[in-house]
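Notes follow once the structure below has been shown.
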Amino acid sequence: MHAQPGDWLVVKGVRLDLPEQRGRIVATGKPDGSPPFTVRWLADDRVTTVFPGSDAIVLTETEIAEQDRKERSRFERLRALRRAKRGAHDART
């Protein structure tokens, strides 16, 4: 795993009740971009040193923006389906 300062470290939740954690990589441990990474976490702005495990990925700014766009699109589709179901249910009653 390699990164550059400014990339994002995304640690996937290992259970449904544990959401993914995102942090901006502010420094890498070695000149080649390998770990450990110094990460500023989005959730609470704390800075930690991380040796990422197999549940982590590194994304560039462009990749994370695309991932967010896809997730928003999926959310909007699900929301539209829910509204359509609710409308069909209301029409029957």
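We're numbering straight along the sequence, starting at 1.
- Ion pairing of Arg46 with Asp44 is present here, as a side-chain N (NZ or NE/NH1/NH2) and a carboxylate O approach within less than 4.0 Å.
- Side chains of Ser73 and Arg77: a donor-acceptor N/O pair is present below 3.5 angstrom, by distance only.
- No side-chain N or O of Trp41 forms a donor-acceptor pair with one of Gln21 less than 3.5 Å apart.
- Salt bridge Asp45/Arg24: absent, no basic N to carboxylate O contact under 4.0 Å.
- Remark: of the listed residues Leu59, Asp68, Leu9, Val11, Asp68 is the sole one forming a side chain to side chain contact (heavy atoms under 4.5 Å, CB included) with Arg22.
- Using a 4.5 Å heavy-atom cutoff, the side chains of Val26 and Val39 are not in contact.
- A donor-acceptor distance shorter than 3.5 angstrom exists from the side chain of Glu63 to the backbone of Thr60, with no hydrogens or angles considered.
- Hydrophobic cluster membership is shared by Ile64 and Leu42, with clusters built from Ile, Leu, Val, Met, Phe, Trp and Tyr side chains linked at under 4.5 angstrom.
- Sparse packing is recorded around CD of Gln4, with 12 or fewer heavy atoms of other residues, nucleotides or ligands lying under 6.0 Å away.
- Checked by atom type and distance alone, the side chain of Thr48 never pairs as donor or acceptor with a backbone atom of Val50 at under 3.5 Å.
- Residues Thr28 and Ser34 approach most closely at CB-O, 4.0 Å, considering heavy atoms.
- The residues Arg74 and Glu76 are annotated as not salt-bridged, no charged nitrogen and carboxylate oxygen being separated by less than 4.0 angstrom.
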